[in-house]
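Notes follow once the structure below has been shown.
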Amino acid sequence: MKPSRRDVLRNSLSLVAAATAPEIIIAQPVAGHSRAEIDERLKSGKGLEGLTKADLVTPVLILDLDLLEANIKGMAAHIKSSKIDLRPHGKTHKCVEIAQRQIKAGAIGLCVATIREAEAMSAAGVKGLLITSELVGKPKIERLIKLVRRAPETMAVVDNADHAKQLSDAATAAKLNLNVLIDVDPGGRRTGVPPGDQAIALAEKVASLPNLKLRGIHGYSGASAHVNTFDARRSHSVEKMTPVLETFANLKKRGLPVEIMSGGSTGTYNIDADLEGMTELQCGSYVFMDVEYRACGGKSGAVYEDFAPSLTVMATVISKTYSDRATTDAGIKAFATDRAKHVPEIKGATGVTMGYGGDEHGVLTFNNPSREFKIGDRIEFIIPHCDPNVNLFDRIYCVRGENVVDVWHTVGRYGG
Ligand SMILES: Cc1ncc(COP(=O)(O)O)c(C=O)c1O
């Protein structure tokens, strides 16, 4: 039978599709899926089978689950062999599913930075919260008390006697006990009372106030986290943390009921774990990593590679008029731009650098690039600074290889 005009057309179209298939699959969205369609598939239980990264509308946050799991496993192994506890910082990911995986791997709880993060994590069943920023003012204290009613093990930090009195009054009025760590400043002059006499006086004050339960010290040396080269970082952290640890030992000697000495970062996880007196680490960025951390050098090399960059921003090339550059749809609004020295790094390509071309535009500049960049191409960027970058997005697309397998949400983003 003679094939119909329609059959001929269909066959020729599929021949064209076959000839160009590899390019189409790599470069262009196959089906294209809106957020609503993806949500509907998840809600109806259909799942995301067949959905690939190429189907997503950029810019989006992409999380490589294999790398995330390896990072969580690597930190858990370190914690186990170092005989120290891990209460990882949830400010990095703001994501319940990641917190749950960290706890499943052995973490004793979760640090959070804000009351909103605390509420969201607690509502999802995450226990053992330590809120590492001072919650000052009636609205925050009221919300803290409400949270402690539901999760009595929650801990707050304090670096000021007046604030301690306010917390004590609120806890007394609510007829509950509030767990408190003294926030001791290792020298960053951000928050915290200086180590030594002032910290001891505040600890004694807190111990004397009704309905406050002194548990220990919070001492986070943020200034040590990214010191370049491992040896310099170790010296920095040891120098800054020693007075804090001496204060902790002193409080113990005085018979104050302190049992928790909490601090440390991804940059110092294999330094602070060996410090005498440290009881738990608060590392956060190790789950995702970022350009800034990779640049500060690891124990065994110029690139810090103990943990893998699992989180990327995926963008699309939207303009390519000139031979030496291309423009993407991911600019200032898609990246945290606070680290002037570090720009997003293109995954899987060399000879190309990214610059910001405006709110919605990124500019790729070519200098003998290792691959071609065409209109519609998808590009993934390792992000300069993971924590604030996550706060820019309300969802994280989880992938295994090219396949999108889940969608997780960020919780407790800024806004009251
Ligand atoms: C109080 C506190 N603890 C822990 C961390 C985790 O540090 P990192 O993400 O570098 O591991 C941070 C990060 O800024 C922090 O502010």
Side-chain angles (χ1 to χ4, degrees), residues 68 71-72 74-76 78-79 84-95 98-99 102 107-115 117-118 121 128-135 155-159 181-193 216-228 230 233 236-237 240-241 244 260-273 275 278-298 304 306-311 336 338-339 342 382-391 412 414:
L68 171 81
N71 291 344
I72 291 176
M75 183 61 84
H78 169 73
I79 289 299
I84 195 165
D85 287 330
L86 174 68
R87 198 186 307 266
H89 216 305
K91 64 179 279 214
T92 305
H93 52 69
K94 288 176 169 285
C95 179
I98 297 177
Q102 290 173 310
I108 57 166
L110 191 76
C111 290
V112 288
T114 66
I115 187 65
E117 285 175 1
M121 289 295 174
L129 297 177
L130 163 58
I131 308 167
T132 60
S133 300
E134 280 75 6
L135 296 181
M155 294 185 284
V157 297
V158 65
D159 72 355
L181 299 187
I182 305 299
D183 187 11
V184 178
D185 177 15
R189 302 179 69 163
R190 183 169 75 175
T191 63
V193 68
I217 284 182
H218 172 258
Y220 169 67
S221 181
S224 304
H226 296 95
V227 172
N228 213 331
F230 179 79
R233 195 153 66 245
H236 194 280
S237 192
K240 299 294 174 189
M241 288 305 293
V244 181
I260 296 174
M261 176 61 242
S262 186
S265 64
T266 298
T268 62
Y269 83 106
N270 50 356
I271 296 165
D272 296 346
L275 298 178
M278 203 79 186
T279 67
E280 62 181 54
L281 298 181
Q282 311 185 345
C283 320
S285 301
Y286 74 97
V287 286
F288 294 152
M289 290 301 284
D290 54 30
V291 175
E292 187 185 29
Y293 255 132
R294 284 171 66 72
C296 76
Y304 182 1
D306 299 22
F307 305 99
S310 62
L311 188 75
D338 57 309
R339 298 302 202 240
H342 302 292
I382 302 172
I383 54 194
H385 184 191
C386 58
D387 310 55
N389 218 126
V390 167
N391 195 51
Y414 272 33

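Atoms within a ligand are numbered from 1 in the order they appear, just like the ligands themselves. Worth saying up front: this structure is predicted, and the values here are computed from it rather than measured.
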Any idea which atoms of ligand 1 are less than 4.0 Å away from a heavy-atom of Gly284?
-> 6 (C), 8 (P), 9 (O), 11 (O)

Atoms in ligand 1 flagged as close to Thr132, the criterion being non-hydrogen separation under 4.0 Å | 1 (C)

Asp272 and its side chain to side chain donor-acceptor pair (under 3.5 Å) partner, picked from Ser237, Ser221, Ser224 = Ser237

Under 3.5 Å donor-acceptor, His93 side chain and Val287 backbone = no

Applying side chain to side chain donor-acceptor pair (under 3.5 Å) between Thr132 and each of Gln282, His218, His89, report the one that passes.
-> His89

Is there a heavy atom in Arg190 that sits closer than 4.0 Å to ligand 1?
-> yes

Minimum-distance pair of heavy atoms, taken over all atoms of Ser265 and Ala225 | OG-CB, 3.3 Å

Any donor-acceptor pair under 3.5 Å from Asp159 side chain to Val193 backbone | no

Do Tyr304 side-chain atoms and Thr266 backbone N/O form a donor-acceptor pair below 3.5 Å?
-> yes

If you count the atoms of ligand 1 from 1 in the order shown, which ones are under 4.0 Å from a heavy atom of Ser285?
-> 8 (P), 9 (O), 10 (O), 11 (O)

Heavy atom of the protein closest to atom 7 (O) of ligand 1 (residue, atom name, distance) | Tyr220 OH, 3.5 Å

Relative to the heavy atoms of Thr266, which atoms of ligand 1 are at a distance of less than 4.0 Å?
-> 8 (P), 10 (O), 11 (O)

Donor-acceptor pair, Arg233 side chain versus Ile271 backbone, under 3.5 Å?
-> no

min-distance protein heavy atom vs atom 14 (O) of ligand 1 -> Lys91 NZ, 2.6 Å

Under 30°, 30 to 60°, or over 60°: which ring-plane class applies to His226 and His385, parallel, tilted or perpendicular?
-> perpendicular

Does Gly267 have a non-hydrogen atom less than 4.0 Å from ligand 1?
-> no

Tyr293 near ligand 1, heavy-atom distance under 4.0 Å?
-> yes

Protein heavy atom at shortest distance from atom 3 (N) of ligand 1 = Gln282 OE1, 2.6 Å

Note: ligand 1 atoms sitting under 4.0 Å from heavy atoms of Cys283 are 11 (O)

